[in-house]
Chemist: 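Here it is: the structure, laid out below.
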Amino acid sequence: MDAEVVALLLVRAVLGVTMIAHGVNHWVGGGRIDGTARWFSGLGLRHGRVQAWASVVTEIGAGALLVIGFLTPLACAAVISVMLVAGILAHRPNGFFVFKEGYEYVLVLAVVSLALALLGPGNWSVDDAAGIVLDGWAGGGVALGVAAVATAGLLATFWRPEPKTVEQQV
């Protein structure tokens, strides 16, 4: 048994299950979809309910694709995009460290996703079984390019933060 194959399976499985858990939590955890919608709206995203459902579908869908290793660069792109949005809107103002609600955790998930797109899903994947080979610079380029376009598109279309008041600027 090749260590690289097992390592890629472990990374895909843990990252995929983590993303599925994020999506399920946005859907049925805590404040459910309505609470998630209010949270997204509070971050300055218009149509919070649409954003909430989009995050649920994206996170669960990307997670499932990662677990089985299918369309891996696109699944990685989805994770990178979700983490970019979270990092920019929710975590960046808080600095680096996760214990201060910073962007440390979302950065790690995004970089692991990019590394996975570069390395490919490994031999124990649907991509491998189907003969889908998109790894190396091409896989990383697809993941990063699609993520950048998706993130920029979402922010340009839906992000409209409230202007800061004079008290908030001081």
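Residue numbers start at 1 and run along the sequence shown. Values below: every heavy atom of this structure, side chains too, minus hydrogens, waters and symmetry copies.
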Chemist: So, do S113 and L15 sit near enough that their side-chain heavy atoms are less than 4.5 Å apart?
Modeler: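 SC-SC contact between S113 and L15 confirmed.
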Chemist: Is L107 reachable from F97 through a run of I, L, V, M, F, W or Y residues, each pair having side-chain heavy atoms under 4.5 Å apart?
Modeler: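 Yes.
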Chemist: Closest heavy-atom contact between G122 and D128?
Modeler: O-CB, 3.5 Å
Chemist: Could you give me the CA-CA distance, side-chain angles and deciding distance for I20 and V24, then say whether side-chain contact (heavy atoms from CB on, under 4.5 Å) is met?
Modeler: CA-CA 6 Å; I20 292 169; V24 169; 4.2 Å; yes
Chemist: Flag yes if L10 and V79 sit in one hydrophobic cluster, no otherwise; membership is Ile, Leu, Val, Met, Phe, Trp, Tyr, and two members link when side-chain heavy atoms are under 4.5 Å apart.
Modeler: no
Chemist: Does a side-chain heavy-atom distance below 4.5 Å link M19 with I60?
Modeler: no
Chemist: Given the rule that I, L, V, M, F, W and Y join up when any side-chain heavy atoms are under 4.5 Å apart, are F158 and W39 in one cluster?
Modeler: yes
Chemist: Quick one: salt bridge (charged side-chain N to carboxylate O under 4.0 Å, His left out) pairs with a partner in residues 19-37, sequence neighbours left out?
Modeler: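 Output for this query lists D34-R49.
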Chemist: How long is the gap from CG on L65 to OG on S125, to the nearest 0.5 Å?
Modeler: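 Answer for the CG-OG pair, L65 versus S125, is 12.0 Å.
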Chemist: Quick check: do S55 and F40 have side-chain heavy atoms less than 4.5 Å from each other?
Modeler: yes
Chemist: Is it the case that the side chain of N123 and the backbone of V5 share a donor-acceptor pair, with hydrogens and angles ignored and the cut-off at 3.5 Å?
Modeler: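 No; zero donor-acceptor contacts below 3.5 Å.
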Chemist: Should we say atom CH2 of W53 is surrounded by more than 12 heavy atoms from elsewhere, each under 6.0 Å from it?
Modeler: yes
Chemist: Within the distance-only criterion (no hydrogens, no angle test), does the side chain of R46 pair as donor or acceptor with the backbone N or O of W159 below 3.5 angstrom?
Modeler: no
Chemist: side-chain contact (heavy atoms from CB on, under 4.5 Å) between L66 and L116: does it pass, once the steps are laid out?
Modeler: CA-CA 10 Å; L66 286 169; L116 182 59; 3.7 Å; yes
Chemist: So, do V11 and V112 sit near enough that their side-chain heavy atoms are less than 4.5 Å apart?
Modeler: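 Yes. Closest side-chain heavy atoms under 4.5 Å.
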Chemist: For residues I80 and A147, report the shortest heavy-atom separation together with the two atoms involved.
Modeler: CG2-CB, 3.5 Å
Chemist: Answer yes or no: is there a side-chain heavy-atom contact under 4.5 Å between L45 and L154?
Modeler: yes
Chemist: From L84 CG over to R92 CZ, what is the distance, rounded to the nearest 0.5 angstrom?
Modeler: 12.0 Å
Chemist: For residues L119 and E4, determine if any side-chain heavy atom of one lies less than 4.5 Å from a side-chain heavy atom of the other.
Modeler: no
Chemist: Could you see if V149 belongs to whatever hydrophobic cluster contains L155? Use Ile, Leu, Val, Met, Phe, Trp, Tyr and a side-chain cutoff under 4.5 Å.
Modeler: no
Chemist: Step by step, would you call V6 with W124 a side-chain contact (heavy atoms from CB on, under 4.5 Å)?
Modeler: CA-CA 8 Å; V6 174; W124 292 347; 4.1 Å; yes
Chemist: Below 4.5 Å, heavy atoms only, C-beta onward: do V98 and Y103 meet side chain to side chain?
Modeler: no
Chemist: Determine which pairs satisfy side-chain hydrogen bond (donor to acceptor under 3.5 Å, both in side chains) with at least one residue from residues 59-82, sequence neighbours left out, and list them in order.
Modeler: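 Those involving residues 59-82 are H26-E59, T72-D127, S81-T151.
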Chemist: Find the distance between OG1 (T58) and NE2 (H22) and round it off to the nearest 0.5 Å.
Modeler: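 Output value for this atom pair is 13.5 Å.
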Chemist: More than 12 foreign heavy atoms under 6.0 Å from CZ of F96: is that the case here?
Modeler: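 Result for CZ/F96: enclosed.
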Chemist: Side chains of residues 130-145: which donor-acceptor partners sit under 3.5 Å, not counting sequence neighbours?
Modeler:
none

Chemist: Tell me whether V106 is reachable from V111 by hopping between hydrophobic residues (I, L, V, M, F, W, Y) whose side-chain heavy atoms are closer than 4.5 Å.
Modeler: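 Same cluster.
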